[in-house]
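Please read the structure below before turning to the comments.
Numbers restart at 1 for each chain; the letters A, B, ... are given by sequence-line order, proteins then strands. Note that the structure is predicted; figures quoted are calculated from it, not measured.
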Amino acid sequence: MNIQQECLEGEAKEPQSLRLTNSTTLWNYRLRELAKQRQFLQALTLYRHMLRSGYSPNTFTFPFVFKCCAVFLFPLMGSQLHAHVIRTGCQPDPYIRTSLISMYCKCNLVHNARKVFDEVGPWRNLTISYNALISGYTFNSKILDALVFFCRMREEGLLVDSVTMLGLVSGCTVPAHLGIGMCLHSCCVKFGLDGDSSVENCLLTMYVKCGEVEHARQLFDKMTEKNLITWNAMISGYSQNGLARHVLELYREMKSINMCPDHVTLLGVLSSCANLGAQSIGSEVEGEIEYRGFGSNPFLTNALINMYARCGNLMKARAIFDRTADKSVISWTAMIGGYGIHGHGEIALNLFDEMVKCGIRPDGTAFVSVLSACSHAGLTDEGLKYFDEMETKYGLKPGPEHYSCLVDLLGRAGRLKEAMDLINSMKVKPDGAVWGALLGACKIHKNIELAELAFERVMELEPANIGYYVLLSNLYSDAKNMEGVLKVRVMMRERKLKKEPGCSYVEYRGKVHLFLSGDTSHPQSDDMYKMLDKLESLVKEIHPSAENEGRRNEELLTGMGVHSEKLAIVFGLLNTKPGTEITVMKNLRVCVDCHIFIKLVSKIVNRRIVVRDATRFHHFSDGVCSCRDYW
DNA sequence: TTAGGGTTAG
């Protein structure tokens, strides 16, 4: 039986800790305490017990109970109580009406909320009722309605307070509403509410959610009173916008001023560590989690699994995963994805099947992990099977993100025509990633004609994505089509696009040895390339699925070129003693194919090789970099 | 009446 039924049917038991009271006022007092501590379940139980003990709720009781109905999305209970309120004659009270409006809006019944608002009776609507309706409209994505009522409350000469602005600004968290959000920012200044930290935090969040990170940072720097929520909003904002290194910088800054992080901070930091492959910072965060007693927070556990898995420490990720009692679909997805990106397709698929056996229903994201795992391990037919099951077995409609995985899967296997047919048969509009996946496949299989078509399409959708220009340019370059290379470069220049060069470095005897991809300018270059050739042929021999999926792996390993991290590793191998760990720093994320290479080389030479993010590196922002400067 | 959160290929 659920809580709603329990409360309606009066079968709730009074918990020991709630035993008190002999008048409605005392019951109300206790309800308020519980609501303050956000213990809504206990509040509902207490309310039920109050009724069973023969005490009638009064004007002060209802707001707390409506709040509970809003939290637990109990519209049935809410409307029954509403009827009860009308019977008891309390309805005109503005506080009750406000809590009713809020409850209906949280339960997505805006129409009912509006009816309550309009039935004013002898009272007029106060700022709090307007606030409830305004935030209710924005909660239900009706920003224009919210603005209408904002104007109306101004016409009525009512006071606009910080809660009004919070309600309005939180409705502008999509880029399409940025303009409105900026006008509201000016309103906040006009009303003298810009010094209110909750309003400023809300504005900050609005900017980051709209992708206006620099704007958010300006506001952050200007704020005189930064509380934990401010720091979290900025850290999560960087994290959500993929600015992982900014996250780590800000986290360090936060700690330097002795601001204690909470679970929300650590989530943002862990997610960035995962994106950068920054395992050592990630394990520091793990220590912090234990130290602060957040060890059982399921969000953090999932973030830790994801972080270790993405950093290549699958053993550690698996250990955390195994000891997690309540594994959600997110925990499973993180683990499956971890095996997938490191080339363990079979294990990923087994884990997926195990998840289904455990009664966890896969969602769209889980399928993205599964399909990409198939793609990276060359398990083409398995991937097609899972894609098919997505709809037939689980009733999930594939989105463009699934099609892009499938195009990648078919494309890598050389089945370019099937990939093209798949795109043409898509029920949803292909996005940039779908055409990008086809372009990537064309690069591997050197199909210029199809690549040009894919490039044309991808440019209509993502003209500012440098990666696609580089792919096409490299394809032309492989085919010795210098005219093509030039054409792409001119296009990039015209559109003012610059590629931040991927580079890696190793610290050796107090000096930094830095390498770009395909770099031949290092004094030890000859020896390094000889060693690299030898390692590449050994890697091809031992690649996990080399025997049955030989063709794909051959293409994978020969098609990937001389990445900067490969050169840095070889330099480390040539110059350091056997047994010592080789630590390579990289300014960009290590690509999946390189991860496999690093892992296998590590096995061949029996050395621990760590490739980490170069977070201290700031030399590349203008796109200029010379290796010679660092020797 | 109220601001911050985990999993996603290329």
Side-chain angles (χ1 to χ4, degrees), chain A residues 63 67 70 94-95 97-99 101-102 105 126-136 161-167 169-170 173 196-206 208-209 227-237 239-240 262-268 270-271 274 297-307 309-310 328-338 340-341 363-376 399-409 411 431-441 443 458 462 465 467-468 471 591-592:
Chain A
K67 175 78 194 180
Y95 292 95
R97 275 220 324 280
T98 302
S99 59
I101 292 166
S102 175
C105 288
L126 304 178
T127 294
I128 51 163
S129 315
Y130 269 101
N131 288 352
L133 191 67
I134 287 171
S135 58
D161 64 10
S162 57
V163 182
T164 320
M165 295 323 289
L166 290 175
V169 174
S170 56
T173 48
D196 183 300
S197 66
S198 58
V199 173
E200 284 188 308
N201 289 340
C202 193
L203 285 166
L204 184 59
T205 307
M206 174 202 80
V208 294
K209 291 255 165 87
N227 57 24
L228 182 58
I229 292 182
T230 320
W231 285 89
N232 286 351
M234 198 65 237
I235 285 180
S236 319
S239 164
Q240 285 155 15
D262 71 352
H263 60 287
V264 178
T265 328
L266 300 178
L267 269 177
L270 276 179
S271 144
N297 182 311
F299 287 69
L300 284 173
T301 312
N302 291 339
L304 275 173
I305 296 171
N306 178 48
M307 184 274 294
R310 294 274 287 268
S328 67
V329 67
I330 293 172
S331 331
W332 288 89
T333 304
M335 199 63 239
I336 292 168
I341 59 168
D363 60 3
T365 314
F367 272 101
V368 171
S369 288
V370 167
L371 294 174
S372 82
C374 292
S375 173
H376 289 135
E401 66 277 30
H402 301 105
Y403 282 102
S404 63
C405 289
L406 213 64
V407 168
D408 184 57
L409 182 86
D431 63 1
V434 173
W435 291 109
L438 185 68
L439 181 60
K443 161 78 175 64
V458 83
E462 286 183 48
N465 192 324
Y468 300 132
L471 261 176
C591 76
V592 172

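When the side-chain nitrogen and oxygen atoms of K209(A) are compared with OP1 and OP2 of dG5(B), one or more of them lie within a distance under 4.0 Å. At dG10(B), one or more side-chain N or O atoms of H376(A) fall inside 4.0 Å of OP1 or OP2 (strictly under the cut-off). Distances shorter than 4.0 Å separate none of the side-chain N or O atoms of N306(A) from OP1 or OP2 on dG6(B). Of the side-chain N and O atoms in S271(A), none sit less than 4.0 angstrom from OP1 or OP2 of dG5(B). Distances shown here put every side-chain N or O of R97(A) at or beyond 4.0 Å from the OP1 or OP2 atom of dT1(B).
In this structure, the separation between CD1 on I128(A) and CZ on R97(A) is 9.0 Å, given to the nearest 0.5 Å. A distance of 5.0 Å separates CG of L471(A) from CG of L439(A), quoted to the nearest 0.5 Å.
Following rounding to the nearest Å, D196(A) (CG) and dT1(B) (C1') show an atom-to-atom distance of 14 Å. If you take OH of Y403(A) and P of dG10(B), they are 19 Å apart, rounded to a whole angstrom. Between K67(A) atom NZ and dT1(B) atom C1' the separation is 9 Å, expressed in whole Å. Summarising the geometry, the separation between CG on D363(A) and P on dA9(B) is reported as 14 Å, rounded to the nearest angstrom. The separation between W435(A) atom CH2 and dA9(B) atom P is 22 Å, rounded to whole Å. As rounded to whole Å, 13 Å separates atom P of dT8(B) from atom CE of M307(A). When the P atom of dA9(B) is taken as reference, atom CG of L371(A) falls 12 Å away, rounded to whole Å. Rounded to an integer number of Å, the gap from L204(A) CG to dA3(B) P is 14 Å.
Between the side chain of N297(A) and the base of dG6(B), no donor-acceptor pair of N or O atoms lies under 3.5 Å.
Of the candidate nucleotides dT7(B), dA3(B), dT8(B), dT8(B) has the atom lying nearest to any side-chain atom of V368(A). Of the candidates dG5(B), dA9(B), dT1(B), the closest approach to any side-chain atom of S404(A) belongs to dA9(B). In this structure, of dG6(B), dT2(B), dA9(B), it is dA9(B) that holds the atom nearest to the side chain of R310(A). The I128(A) side chain lies nearest to dT1(B) when the options are dT1(B), dA3(B), dT7(B). Here dT7(B) is the nucleotide among dA3(B), dT7(B), dA9(B) with the atom lying nearest to any side-chain atom of T365(A). Ranking dT1(B), dG5(B), dA3(B) by closeness to the A132(A) side chain, first place goes to dT1(B). Across dT1(B), dT8(B), dG4(B), the shortest atom-to-atom separation from the side chain of T98(A) is found for dT1(B).
Base engagement by T333(A) is indicated by at least one non-hydrogen atom pair under 4.0 Å involving a base atom. Looking at heavy-atom distances under 4.0 Å, D262(A) makes contact with a base. Across all strands shown, G436(A) has heavy atoms under 4.0 Å from sugar-phosphate atoms exclusively, and none from any base. Within 4.0 Å (heavy atoms only), A303(A) reaches no atom of the nucleic acid at all. Counting non-hydrogen atoms under 4.0 angstrom, Q240(A) reaches the backbone sugars and phosphates but no base. Residue S198(A) is classed as a base contact, given a heavy-atom separation below 4.0 Å to a base.
Listed for the S170(A) side chain is a donor-acceptor partner under 3.5 Å among the backbone atoms of G167(A).
For the residue pair S271(A) / S239(A), a side-chain donor-acceptor distance below 3.5 Å is found, with atom types taken as modelled. Defined by atom type and a distance below 3.5 Å, a donor-acceptor pair is present between the side-chain atoms of D408(A) and S375(A).
Minimum heavy-atom separation, I341(A) to H376(A): CA-ND1, 4.0 Å.
At least one side-chain heavy atom of L228(A) sits less than 4.5 Å from a side-chain heavy atom of T265(A).
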